[in-house]
Amino acid sequence: MKNVAARREGEEAVGDLAAQLDMNNISRRALHGIYLRTRRSPNISAMQNAVARRDRLSELPDNVLLNILERLDTLDALRTCTLSKRLMRLPAMLSRFDIDIGSLTQHHDKASHGFNTADVVRYNNTLAGVTEKILAARSPEIHTIHKLRATCYLRADECLPITRAFASTMADHKVDKAEFVPILEKPFSECTNGDLLCYAKRFNICLGDCPAAFAGLTCLWLSNLRFADQLDIPNILSTCKRLERLRLSHCDAGIGSVLMVEHDQLVELIVDQGVFAAVHLYGVPKIQHLTFTCWWYGVPLSFGCVPQLSKLSLGKRGRTLTKNLQLSQLLANVPSIRDLHLDFVSEKVLTHSYYSMMLIMLM
């Protein structure tokens, strides 16, 4: 009975997607079908009749069909499932979900119709409705979700149904990898300081509305956020307890602020294009890869407990540093570095002994 109910919910999700696509005038040209090749026959009519009588797609076993569907964006996979009744029951059996709002907006004619707040809300609501349906339709017999990823516009009202669906799914199933990618209406080049502060406030609201969803994330990519409080990012890290990978692009807590990092599970940290003065890694026992570009002045890094840090990338654009950067001092407490990448354009870098040898080998 549970399987029947889950299958029905999966079929409803597919039906709801089709209805919402029609209601929102979203193009179906992205429909990903499986096209069958047949031998040429002089009798076209006979060939058409043969194809009509035999549905080769339905003859494929479930595991093959699921393997094909899971290689697609999830919304495209749902569109594909509208092609036959045989496929309608498969969404409840998926173990990989990549729910991307780009699958909806890629066919929006911005040149003719523009792209405003009403469009953002409409697409976000469509994505939220489908996300709730498809995750609720999961078969209870399939315990592990290998990938759960959602990309949507960062707006608290429409994001809340998505984060709640994430939290519910994580409570009922084992999720190997979970990722949330909030995107914004404006690129960084068009953002004012007020925009950056507003976007950071939106994210904090999303985090506070459903912390259970963020507690289960393993990957988080944030961009174009300026936090009002220097403790906001440490708060994010303390909430995202399973986090393994964090990327901060054009994110900071104000010009010259310091990023303080302490996390038990973090493996990779990328900080690019922000205006942090420095990154302090206090206790990050599992971190292996650190990338830091475009700091403002002074010594960019300090290290506490980072026994597994083996790959370090440093980059800085500009004409001069406030003072020479001595790697022998900077990396004195990090003997485990095996891969060092430096991109300082015309800057001066002083190295001693072991690190000189490393740079010669890399150049």
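One is the number of the first residue; the rest follow in order along the sequence.
- Side-chain atoms of His263 come within 3.5 Å of backbone atoms of Cys240 as a donor-acceptor pair (strictly under, hydrogens ignored).
- In plain terms, the two heavy atoms of Phe180 and Leu220 that are nearest each other are O-CD1, 3.4 Å.
- Side-chain contacts under 4.5 Å among hydrophobic residues (ILVMFWY), followed directly or transitively, place Val121 with no other residue at all.
- Counted by atom type alone, Gln265 and Lys241 present zero donor-acceptor pairs between their side chains at under 3.5 Å.
- Between Ile99 atom CD1 and Thr131 atom OG1 the span is 4.0 Å, to the nearest 0.5 Å.
- Using a cut-off of 4.0 Å between Lys/Arg side-chain N and Asp/Glu carboxylate O, Glu244 and Lys286 are scored as not salt-bridged.
- The CG atom of Leu312 lies 5.0 Å from the CD1 atom of Ile337; values are rounded to the nearest 0.5 Å.
- Cluster annotation: Met260 is not connected to Leu290 through the hydrophobic network of ILVMFWY side chains, with a link wherever side-chain heavy atoms come within less than 4.5 Å.
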Inset, instruction - Just do the side-chain contact (heavy atoms from CB on, under 4.5 Å) check on Leu301 and Val334 with the steps written out, would you? - result: CA-CA 11 Å; Leu301 296 171; Val334 196; over 6 Å; no

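- When atom types are taken as modelled, the side chain of Thr218 and the backbone of Ala178 share a donor-acceptor pair closer than 3.5 angstrom.
- In the hydrophobic cluster analysis, where Ile, Leu, Val, Met, Phe, Trp and Tyr join through side-chain heavy atoms closer than 4.5 angstrom, Val258 is grouped together with Leu231.
- Within the 4.5 Å cutoff, the side chain of Leu331 has heavy atoms near those of the Phe303 side chain.
- Residues Pro300 and Val279 form no side-chain contact, since every pair of their non-hydrogen atoms from C-beta on lies 4.5 Å or further apart.
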Could you pull out all donor-acceptor pairs under 3.5 Å where a side-chain atom in residues 196-205 meets a protein atom, sequence neighbours excluded?
residue, atom, partner, partner atom, Å
Arg202, NH1, Leu154, O, 2.9
Arg202, NH1, Glu185, OE1, 3.3
Arg202, NH1, Glu185, OE2, 3.4
Asn204, ND2, Asp232, OD2, 3.4

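- Note that the CG atom of Leu148 and the CG atom of Leu94 stand 11.5 Å from one another [nearest 0.5 Å].
- Residues Ile270 and Ile233 do not share a hydrophobic cluster, clusters being chains of Ile/Leu/Val/Met/Phe/Trp/Tyr side chains in contact below 4.5 Å.
- Residues His146 and Asp176 bring a donor and an acceptor atom of their side chains to less than 3.5 Å of each other.
- Summarising the geometry of His289 relative to Leu309, their closest heavy-atom pair is N-CD1, 4.0 Å, with the distance given to 0.1 Å.
- At least one side-chain heavy atom of Leu69 sits under 4.5 Å from a side-chain heavy atom of Cys81.
- Taken to the nearest 0.5 Å, the CG atom of Leu60 stands 11.0 Å off from the CG atom of Asn67.
- Side chains of Ser249 and Asp272: a donor on one and an acceptor on the other come within 3.5 Å.
- Ser103 and Asp76 share a donor-acceptor pair across their side chains, judged by distance under 3.5 Å alone.
- Under the 4.5 Å side-chain heavy-atom criterion for Ile, Leu, Val, Met, Phe, Trp and Tyr, Phe292 and Val267 are members of distinct hydrophobic clusters.
- Here the shortest heavy-atom pairing between Ala167 and Ala212 reads CB-CB, 4.0 Å.
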Inset, instruction - Take Val271 and Leu259 through the test side-chain contact (heavy atoms from CB on, under 4.5 Å) and record every step on the way to the result. - result: CA-CA 10 Å; Val271 182; Leu259 175 60; 3.8 Å; yes

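- Closest approach of Cys251 to Asn224, counting heavy atoms only: SG-N, 3.9 Å.
- Atoms CG and CG, from Leu72 and Asp98 in turn, are 10.5 Å apart once rounded to the nearest 0.5 Å.
- Residues Leu207 and Leu248 share a single hydrophobic cluster, defined by chaining ILVMFWY side chains whose heavy atoms lie under 4.5 Å apart.
- The shortest heavy-atom contact between Ser95 and Thr144 is CB-O, 3.9 Å.
- No donor-acceptor pair closer than 3.5 Å links the side chain of Ser168 to the backbone N or O of Ala165.
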Inset, instruction - Evaluate the side-chain contact (heavy atoms from CB on, under 4.5 Å) criterion for residues Phe166 and Thr169: first the C-alpha distance (whole Å), next the side-chain angles of each, then the deciding distance (0.1 Å), finally the verdict. - result: CA-CA 5 Å; Phe166 265 45; Thr169 301; 5.9 Å; no

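- Heavy atoms of other residues, nucleotides or ligands lying less than 6.0 angstrom from CZ of Arg164 number 12 at most.
- In this structure, the side chains of Leu78 and Val130 come closer than 4.5 Å at one or more pairs of heavy atoms.
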Legend entry - Derivation and outcome, side-chain contact (heavy atoms from CB on, under 4.5 Å), residues Asn63 and Met93: CA-CA 10 Å; Asn63 64 323; Met93 302 168 63; over 6 Å; no

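- Across all non-hydrogen atoms, the minimal contact from Leu127 to Leu104 is N-CD1, 4.3 Å.
- By the 4.5 Å heavy-atom criterion applied to side chains, Thr293 and Gln273 are counted as neighbours.
- Looking at Leu65 and Arg86, their side chains come closer than 4.5 Å, going by heavy atoms from C-beta outward.
- Contact check for Asn235 versus Thr239: side-chain heavy atoms found under the 4.5 Å cut-off.
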Inset, instruction - Evaluate the salt bridge (charged side-chain N to carboxylate O under 4.0 Å, His left out) criterion for residues Lys147 and Glu70: first the C-alpha distance (whole Å), next the side-chain angles of each, then the deciding distance (0.1 Å), finally the verdict. - result: CA-CA 10 Å; Lys147 178 183 178 181; Glu70 288 180 347; over 6 Å; no

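- The distance from the CG atom of Leu66 to the CZ atom of Arg96 is 11.5 Å, given to the nearest 0.5 Å.
- Here the side chains of Arg89 and Asp62 are in contact, with some heavy-atom distance below 4.5 Å.
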